[in-house]
Protein chains: 4
Amino acid sequence: MTRDEGTGNGLAAGTAQWPIEEAPAPTSVEGRTLSRKGERTRGALLEAAEQVFGALGYHEASIVKITEAAGVAQGTFYRYFSSKQAIFEELVVDLNRRVRHAMSEGAARGTTRAEAERHGFAAYLRFTAEHPALYRIIRQAEFVSPATLREHYEKIAAGYVEGLRRAMGEGEIVEADAEVLAYALMGAGELVGMRWVLWAEASEVPEVVVDELAAFVSRGLGARNGWE
Amino acid sequence: MTRDEGTGNGLAAGTAQWPIEEAPAPTSVEGRTLSRKGERTRGALLEAAEQVFGALGYHEASIVKITEAAGVAQGTFYRYFSSKQAIFEELVVDLNRRVRHAMSEGAARGTTRAEAERHGFAAYLRFTAEHPALYRIIRQAEFVSPATLREHYEKIAAGYVEGLRRAMGEGEIVEADAEVLAYALMGAGELVGMRWVLWAEASEVPEVVVDELAAFVSRGLGARNGWE
Amino acid sequence: MTRDEGTGNGLAAGTAQWPIEEAPAPTSVEGRTLSRKGERTRGALLEAAEQVFGALGYHEASIVKITEAAGVAQGTFYRYFSSKQAIFEELVVDLNRRVRHAMSEGAARGTTRAEAERHGFAAYLRFTAEHPALYRIIRQAEFVSPATLREHYEKIAAGYVEGLRRAMGEGEIVEADAEVLAYALMGAGELVGMRWVLWAEASEVPEVVVDELAAFVSRGLGARNGWE
Amino acid sequence: MTRDEGTGNGLAAGTAQWPIEEAPAPTSVEGRTLSRKGERTRGALLEAAEQVFGALGYHEASIVKITEAAGVAQGTFYRYFSSKQAIFEELVVDLNRRVRHAMSEGAARGTTRAEAERHGFAAYLRFTAEHPALYRIIRQAEFVSPATLREHYEKIAAGYVEGLRRAMGEGEIVEADAEVLAYALMGAGELVGMRWVLWAEASEVPEVVVDELAAFVSRGLGARNGWE
DNA sequence: GATGAATGAGTGTTCATTCAT
DNA sequence: GATGAATGAACACTCATTCAT
């Protein structure tokens, strides 16, 4: 993952800075170290959970449905996760890591600042399209696991804040409260994703929408040499 | 409700334009017309539902809890609402009407455009603080009643779009896709509300946060003579 | 209602002998004497109950449905009947009286013995077709009010027994246990009615079926100069 | 089970001919194959259901009562039957198979035609005495599961019809509509059973009653060399 | 006298979780 | 190590009945 150096800027910089754990999957459960096969079963359960939680929501989803989707017996579930809530939380953490990764990679693809910014949002929206579960699971987390939900937003916000602060320091964008900007940006992305991906059941957001959003944000950040 | 005339502008104009039904409370159930007492019972149930859904979420909320909170017997519930889902949906519609009303009123309080804009957001954030249920119930609606959720956002967006288009026509703000802007604005408000009202368990958003948000939006809309 | 005298015979004689109360509708409830209007309301409730119990069965039927069908308020029901079970029992008694009346009248229409017999069954089957509720309500009575059910069959059986005994005395039919014959005849009629009226949803049993049934019974009773 | 060959006749032939599946108990639920223990639990539930439905009727019977009677937890019920209605229907099918089996066996015990006929009815009445649930459950089926009810009668009738037709062909009984006769015979047996088993709470029908019934039927069928 | 609002016990059913095999 | 049978608490909802107006 290359980071954009030198041209430090707002959004792109931000997305590039999220701290991402490098060893994603825990390989032990309650002390047991997982075998190859165990690892695979665990992965199958997580993936099944993403599908099922995404499609049905936390409450309609049931352990039976998840284990069925994963092709294992009901009891097997509890060899890998201590509860329904536990796998849910793990899923949020997992998706959080992956979306931040996607956004970083996206932002890094831009060479000019405007492009980078646009790519960051585009990556987020693309991830949303590919993983509608992210959006839906996050909404469920509100009640299922508020702490995890908060952590999710805080981690993304932290990345934004760091990037925005650097950009401010370098005079690339207007001086402002970086945290407010961070939450505003996340919110904008979330609802645009909801409107043009989820509701439209589209596999991607129309380019023009991404452009409009990026332009709005660019202006809002008071970016010099912004979009256009 | 005074509307800003002549100086039609972006946000303020938008918030001022939401079409709001003036006769809010339905007064009949399944054809029956409600007596005074019935009206009161129904109101108590709705209020209790707002508290309970807001505090526990749709699934943890139960009819027993709602009726207990309302001080009526379990069976009484079904004289006024046909199901748990039904009262939930009614609640969304109700809150939607009230939040739009609050935003309109807020926006109308501003005399200059910048003030109006700021007041619109402030009103929304104040409403969120007073009715945390709005935010939480909306999140639940994702799975409980997607159509109602969508309607909620679409109604608010429609108000924004109308106002933004007018402002564009009058050259007050930059020419852009009004719908994209609308969803971006809603998202920004929603997450800022989540961060500074819900998480902070504050009764209001710090003034400076409102200012920062308004400034960001003002710049993003390319408002002439904007905030500052 | 003419009774067959002189030519005393089996079935026809039997059907003609059921003791039928002549003043059918009780005109007071819990001491209250019913006004004209009250009488009408009570009748409407009974009729509605016949429809509803017949269509839905005892348990699916509800007081609300009955009162709705009768066009009165829920509470009004309890001014005329003390409980759901009470109106059900009254209905059984009522239908019992009416079916016995119908059978008597039918039987009386026959001039020869064979005709009379045939007419008795035909009348029963016609009544079944016009009042499917009879059959269905009787089946429900098994658990709802066993005593009433038993009374229903015993009353019909009593009529048969009396007629059969007389016919035996006059040498018209074979000497046998009249009660066994009575229950066999009732059972035969009931299931034929079920098969050719209820299942066929027909408004009457095909003539040929009535003929076959009458012939079987005629032979079974060892009737001299019977059917043919 | 020996069948009467050569002397093919009416009732006995009929009862002897019911097609009876030889592998009675389904051993899998929703695709799952039942373990030994599972099989036992399932059986216990069916037996408990027979008792409870028989004693209380469909509606008064509750899953709690059934599971209590079977000595298992409430939830266990749903591992074996998908609903209250489902176990009810299974019960009807089960009882139907068993009563037809009993009747066949009974009829086969007769050597002369008159004996066989008598044994068929006697077997039916004995079964009724041992399984009052049959009678009571059938009556409930009217509303609970009309299709199953109909199937029950049709299967028994089919056996009768086949036997009666053969007997007619061989000149043993009078030529007549076999289906009408079948329903008449079933009805006669049913009500005699109700009167002398259920109401008398007797463990068997008095011999004389069986004799009388058999004689009536014998005459009704126009049997040559009939009873006596 | 009629109404209809209120009651609350009771139902069928679901499902996360445990544990013997 | 994996299974799947068993559990039982919990829930949404119904309805006969009561009673104040």
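Proteins come first, then strands; the chains are lettered A, B, ... in the order of their sequence lines, and each starts at number 1. Owing to the predicted nature of the structure, the values given are computational and were not obtained by experimental measurement. No hydrogens, no waters, no symmetry mates; every other heavy atom, side chains included, goes into these values.
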Give the ring-plane orientation class for B:F88 versus B:F53, where under 30° counts as parallel, over 60° as perpendicular and anything between as tilted.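 Perpendicular, since the angle between the ring planes exceeds 60°.
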
Verdict with reasoning, B:L56 to A:F143, per side-chain contact (heavy atoms from CB on, under 4.5 Å): CA-CA 7 Å; B:L56 306 179; A:F143 289 93; 5.7 Å; no

Nearest nucleotide by nearest heavy atom, which residue falls closer to the 5' end of DNA chain E, C:V72 or B:G75?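 Closer to the 5' end of DNA chain E: C:V72.
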
Which residue lies toward the 5' end of DNA chain E, A:Q85 or B:T76, if each is placed at its nearest nucleotide?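 Result of the comparison: B:T76.
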
Short N-O contact, D:R98 and D:E50, less than 4.0 angstrom: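 Yes, charged N to carboxylate O under 4.0 Å.
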
From [atom1] of [X] over to [atom2] of [N], roughly how many Å is that when rounded to an integer?
X	N	atom1	atom2	result
A:F81	E:dC15	CZ	P	20 Å
B:R40	F:dT21	CZ	C1'	14 Å
A:E68	F:dT3	CD	C1'	14 Å
D:E39	F:dG4	CD	P	17 Å
B:L56	F:dA12	CG	P	11 Å
A:I66	E:dT14	CD1	P	18 Å
A:Y80	F:dG1	OH	C1'	8 Å
D:L45	E:dT13	CG	P	14 Å

Working for side chain to side chain donor-acceptor pair (under 3.5 Å), residues D:Q51 and D:E47: CA-CA 6 Å; D:Q51 304 307 323; D:E47 209 162 308; 5.5 Å; no

Min side-chain heavy-atom separation [X]-[Y] under 4.5 Å:
X	Y	value
A:F77	A:I87	yes
D:R97	D:D94	yes
A:H59	B:E60	yes

Check: C:S145 side chain, C:A141 main-chain N or O, donor-acceptor pair, under 3.5 Å: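 Side chain of C:S145 to backbone of C:A141, a donor-acceptor pair under 3.5 Å: no, none is there.
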
Determine whether a donor-acceptor pair (N or O, by modelled atom type, separation under 3.5 Å) exists between the side chain of B:T76 and the backbone of B:V72.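 No; judged by distance alone, with no hydrogens or angles, the pair does not exist.
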
Could you write out each protein N or O paired with an N or O of nucleotides 10-12 of chain E at a distance under 3.5 Å?
from   : atom 1 : to    : atom 2 : distance (Å)
E:dG12 : OP1    : D:A61 : O      : 3.4
E:dG12 : OP1    : D:K84 : NZ     : 2.7
E:dG12 : OP2    : D:I63 : N      : 3.2

Got a minute to check which stems DNA chain F is part of, using Watson-Crick or G-U wobble pairs under 3.5 Å, three or more consecutive?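 Counting only runs of 3 or more consecutive pairs, the stems involving DNA chain F are E:2-21 with F:2-21.
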
